[in-house]
2 protein chains.
Amino acid sequence: MYQNLLDHIAKFISLDESETQLLLATLEFKIVKKKENLLHAGQICHHQYFIAKGCCRNFIINDKGNEQTTQFGIENWWLSDFLSFHNGSVSDFYIQAVENSEIIAIEKNNMEILLAQVPKLERYFRLVLQKAFGASQMRIRYLYTQSAEERYHFFNDSFPEFTQRIPQYMLASYLDFSPEFLSKIRAGKV
Amino acid sequence: MYQNLLDHIAKFISLDESETQLLLATLEFKIVKKKENLLHAGQICHHQYFIAKGCCRNFIINDKGNEQTTQFGIENWWLSDFLSFHNGSVSDFYIQAVENSEIIAIEKNNMEILLAQVPKLERYFRLVLQKAFGASQMRIRYLYTQSAEERYHFFNDSFPEFTQRIPQYMLASYLDFSPEFLSKIRAGKV
DNA sequence: CGAAAATTTGACATGACTCAACTGGAGTGG
DNA sequence: CCACTCCAGTTGAGTCATGTCAAATTTTCG
């Protein structure tokens, strides 16, 4: 149940038996169905979510009432609204299952207690965030320098299997253009 | 010289005298002149840079040969190419002083040694990254939902003093539109 | 003071959006 | 298991936000 996470942690630090037990006692396992929300806009985000299996996304509802996907997560990624989590502010984000998924959640207060007991885990989370923030810098870089069509082809070439897993309208909003436009790119009509 | 950073760290964790000494022995102090680079595209980013005084930015050179600012940092912010730093890949970014600045740099290998000696600092860096990543999520969110004009007014209202400190062409590229367009927004001609 | 850099302005061009209509496929209930 | 619905995807026409380019003007700084 928690093995994927333990494996992921083991890539960065090693925990002994008692540390692992403390960790496991803190985690919550959750099965979520496709379209089910882990976080709803208007709530405070109290958790970080590790995707053990499946696929989830962050999105907001924009002024026109459309869903705007800002982030995808698949196996071995952490998703959260880190600003809301960090300072307890109300979130504008939804976190939603794109597929039926298995989630490992950690609650903020429990996480703090755990980190006090097992300080090594600070390192794990630091390294995970360092990598995620680096990826976010690249993401912004590509949003800035590529045209809509280039972004599609780049994404498609980089994650060919993933493109198959998600509906086009989610991908279009993630790549920051309209679903109609994605349809035209695919048809070669642009 | 290092006081700003010590104050910043003290907001998150407390260090005793010997820990502080180990930290100070690891840091490098740097004065950089306006336009001087801390990192040059094509290099590997071996440092994280804390801005003690002044203002710096990350930028890349795009296909058309124009500078594209992807991030600003002022007092009490850390700048780096975190992906290059994390996995030793070659960076596409420049990190450059926008004003004459005072920088505290920490080198990756030395940082690892320090973190082994003073594990508490893992927590400091984790919290800094958590906040930075949260800010990055908001940034992406606004890039997605606001028009060019809205982005300008929002930025201006959020950081009125800061707008005065930086040239318009840098702000335009940061907000992802052309300098001419920024000029027209300011003139009310749009 | 002079040269180089930054900003402004206007004319024109275009990438991507909107809207509306149509098509196709997946899920559901009778 | 068929028929119906509904949601996702497609297509085309028209529009608009923002870009490009070039020239004029202002500011900065050595």
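Everything numeric in this text was worked out from a predicted model, so none of it was measured. Below, chain A is the first sequence line, B the second, and so on; all start at residue 1.
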Distance in angstrom units between A:L182 CG and D:dT11 C1', rounded: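 The answer, rounded to whole Å, is 14 Å.
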Whole-Å distance separating the CD atom of A:E67 from the P atom of D:dC7: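 Value for this atom pair: 12 Å.
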Say whether [X] and [Y] are linked into one hydrophobic cluster, either directly or through other cluster members, by side-chain heavy-atom distances under 4.5 angstrom.
{"X": "A:Y49", "Y": "A:L27", "result": "no"}
{"X": "A:I13", "Y": "A:L24", "result": "yes"}
{"X": "A:L175", "Y": "A:L182", "result": "yes"}

Outermost DNA chain C nucleotides near chain B [under 4.0 Å, heavy atoms]: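 The contact span of chain B on DNA chain C goes from C:dA6 to C:dA11.
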Reading 5' to 3' through nucleotides 13-30 of chain D, protein heavy-atom contacts under 4.0 Å coded B for base, S for sugar-phosphate only, - for none: B----SSBB-------S-
Near-strand residues of residues 155-168 of chain A, defined as heavy-atom separation under 4.0 angstrom from DNA chain D: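 By residue number: A:P167, A:Q168.
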Chi angles and distances behind the side chain to side chain donor-acceptor pair (under 3.5 Å) call for A:R57, A:T69: CA-CA 7 Å; A:R57 61 174 181 144; A:T69 300; 2.8 Å; yes
Inter- and intrachain pairs under salt bridge (Lys or Arg N to Asp or Glu O under 4.0 Å), touching residues 21-45 of chain A, at least two apart: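 Matches after skipping sequence neighbours: none remain.
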Ring-face cation contact, A:F85 with A:K108, 6.0 Å cut, 45° max: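 Flagged: A:K108 positioned over aromatic ring of A:F85.
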Which atom of A:Q68 lies closest to which atom of A:S173, heavy atoms considered: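 Closest heavy-atom pair between A:Q68 and A:S173: NE2-O, 3.5 Å.
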Rounded to 10 degrees, the angle between the two terminal axes of the helix from C:dC1-D:dG30 to C:dG30-D:dC1, each from five pairs: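 About 60° separates the two local helix axes.
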Test: B:R123 and A:E112 ion pair at under 4.0 Å: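 Yes, charged N to carboxylate O under 4.0 Å.
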Salt bridge A:E75-A:R165, side-chain N to carboxylate O under 4.0 Å: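 Answer for the salt bridge query: yes.
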B:L114 backbone acceptor or donor facing B:T26 side chain under 3.5 Å: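 Looks like no, no N/O pair under 3.5 Å.
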Exam field: side chain A:E150 to backbone A:S147, donor-acceptor pair closer than 3.5 Å: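 Such a contact is found between A:E150 side chain and A:S147 backbone.
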A:Q168 side chain to A:R186 side chain, donor-acceptor N/O pair below 3.5 angstrom: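 Checked: A:Q168/A:R186 side chains pair up, N/O donor to acceptor below 3.5 Å.
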Partner residues of A:H46 under the ring-ring contact (aromatic ring centres under 6.0 Å, His included) criterion, sequence neighbours left out: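 If we apply the ring-ring contact (aromatic ring centres under 6.0 Å, His included) test to A:H46, skipping adjacent residues, there are no hits.
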